[in-house]
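Some notes on the structure that comes next.
Note that ligands are numbered from 1 as they come in the structure, with each ligand's atoms numbered from 1 the same way. Here, residue 1 is the first one in the sequence, and each next residue gets the next number.
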Amino acid sequence: MIGLQWGDEAKGKLVDLMTSQFDYVVRYQGGSNAGHTVVIGDQTYKLHHIPSGILNPGVMNIIAPGVVLNPATLLQEIEGLTARQIDVTENLRISDRAHVVFPWHLAEDRVTNAAAVAGESIGTTLRGIGPCYRDKYARSHAIRMGDLCRSGFRARIEEIVAAKQRALAGLGSTESLDVEAIYTEFSGYAERLQPLVTETTDLLLDALDAGKSLLFEGAQGALLDIDHGTFPFVTSSNSSGVGVCGGSGVPPCWIRRVLGVAKAYTTRVGGGPFPTELDDEVGQRIRDLGNEYGTTTGRARRCGWFDAVAVRYTTRLSGVSGLSIMMLDVLSQLPEVKICVAYQLDGKRIERFPSHVEDLRRVTPIYETLPGWETDVTQMRRMSELPSGARRYLDRVSELVRRPIDVVSVGPDRAQTIFADGAS
Ligand code: IMP
């Protein structure tokens with residue numbers, strides 16, 4: 001399941017809904033920058049690392065090698081679930097290959113985030129994601145979950161802290177890193193998490209050989225993909241569909257179906273171009289109606305109209321077979337709605353998503369305006385019950401993105417979901 005915009009497409013709700021049909025749910029990229037919200041009755045669960053399948057007993061949840069893991073945040077998530085009688089000991093496993101986010105990654109994120117890249121700050125979540133992935137690819141200063149309990153861990157910390165302290169000073173940071181405190185803290189985490197840490201690549205391949213079904217839960221959205229997104233205003237992992245195999249270790253031949261998830265409008269947090277952004281009262285209205293404030297950082301999300309050029313691009317990139325359109329209820333109070341059907345760039349109409357961020361910054365969206373439906377849709381459970389204006393809107397989205405709409409979400413609860421095939 002892949003987000004097709006800039007993240008926050010409400011994937012957590014869908015994953016939770018669909019997990020009963022799967023044996024495994026796998027997180028394979030990103031880290032605590034993700035915030036997946038699942039609402040069940042009067043309970044709201046906010047998950048950062050743990051796959052949203054954890055709320056369905058009987059489903060095995062895997063944190064795969066491509067995830068960068070902050071053990072303190074993960075333990076908080078586990079404690080939060082345990083306090084609500086959701087035990088993870090039997091159905092959560094963490095790859096020993098997953099890289100660990102350390103205090104120096106957080107410090108580096110803090111000191112570099114303020115700097116402008118391409119004239120604007122990236123506005124990261126400050127969770128140390130970029131610095132941790134940087135160390136993973138550079139290799140010399142990286143530590144994985146499987147290293148935490150091995151001999152030599154203390155010596156590694158000493159060596160890395162010395163280098164990081166110099167690097168931080170070079171960046172103008174005055175933060176100091178305490179070897180003993182970091183060693184004690186992370187040894188404690190290692191001891192507590194050890195029963196859950198294991199080899200997961202073979203585990204998943206064995207599960208597939210045994211005929212088990214797997215659901216891959218993407219974090220962030222495809223437009224934030226490090227290789228194919230709006231670089232440099234992206235996250236540091238492959239958050240589009242292309243990341244599933246690399247992050248999990250499951251080869252492409254096993255991927256049978258890709259569900260793309262998009263909001264009925266668009267949001268973005270952090271810096272970077274956003275062609276359909278609304279800086280006016282309509283944008284504020286969408287923010288208020290959709291409660292568009294970050295799960296992880298609490299930041300107000302930038303809001304705008306649905307961008308069919310962008311979503312058509314990410315749909316193709318991720319190999320999406322069908323769409324889930326989320327938060328349709330949020331648009332229900334607007335007198336008219338717009339869809340961006342193409343861009344204008346240098347006097348020409350273009351229908352492809354530009355590869356360079358400076359071109360994306362310069363495009364002007366070309367809109368189609370449709371009448372709003374101004375009807376509460378939150379209690380509707382079938383496509384046929386939706387007002388004709390809402391159906392027309394969805395049909396146009398499907399036509400422009402060139403994929404069928406399989407699911408429409410009309411509210412945060414599990415029950416507020418419409419399946420095109422009539423399933424419930
Ligand atoms: P980072 O992933 O913390 O390095 O942040 C890089 C960019 O990705 C920033 O613009 C963040 O706001 C954005 N980002 C990271 N994670 C999420 C997410 O889960 N939802 C939406 N945006 C995200």
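- Within the 4.5 Å cutoff, the side chain of I2 has no heavy atoms near those of the L259 side chain.
- In this structure, the side chain of R139 engages the main chain of Y137 through a donor-acceptor pair within 3.5 Å.
- Between W6 and F274, the gap from one ring centroid to the other is short of 6.0 Å.
- With salt bridges taken as basic N to acidic carboxylate O contacts below 4.0 Å, none links D147 and R156.
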Could you walk me through whether E292 and K263 pass the salt bridge (Lys or Arg N to Asp or Glu O under 4.0 Å) test, one step at a time?
CA-CA 11 Å; E292 293 294 355; K263 276 180 190 163; 3.0 Å; yes
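- A donor-acceptor contact shorter than 3.5 Å links the side chain of K11 to the backbone of Q220.
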For a distance cut-off of 3.5 Å, show me each N or O of ligand 1 paired with any protein N or O, plus the separation.
unit_1	atom_1	unit_2	atom_2	d
ligand 1	2 (O)	N33	ND2	2.9
ligand 1	2 (O)	T235	OG1	2.6
ligand 1	3 (O)	T125	N	2.9
ligand 1	3 (O)	T125	OG1	2.6
ligand 1	10 (O)	I122	O	3.3
ligand 1	10 (O)	V269	O	3.1
ligand 1	12 (O)	G123	O	3.4
ligand 1	12 (O)	V269	O	3.0
ligand 1	12 (O)	R299	NH2	3.0
ligand 1	16 (N)	Q220	NE2	3.3
ligand 1	19 (O)	N33	O	3.3
ligand 1	20 (N)	D8	OD1	3.0
ligand 1	20 (N)	D8	OD2	3.4

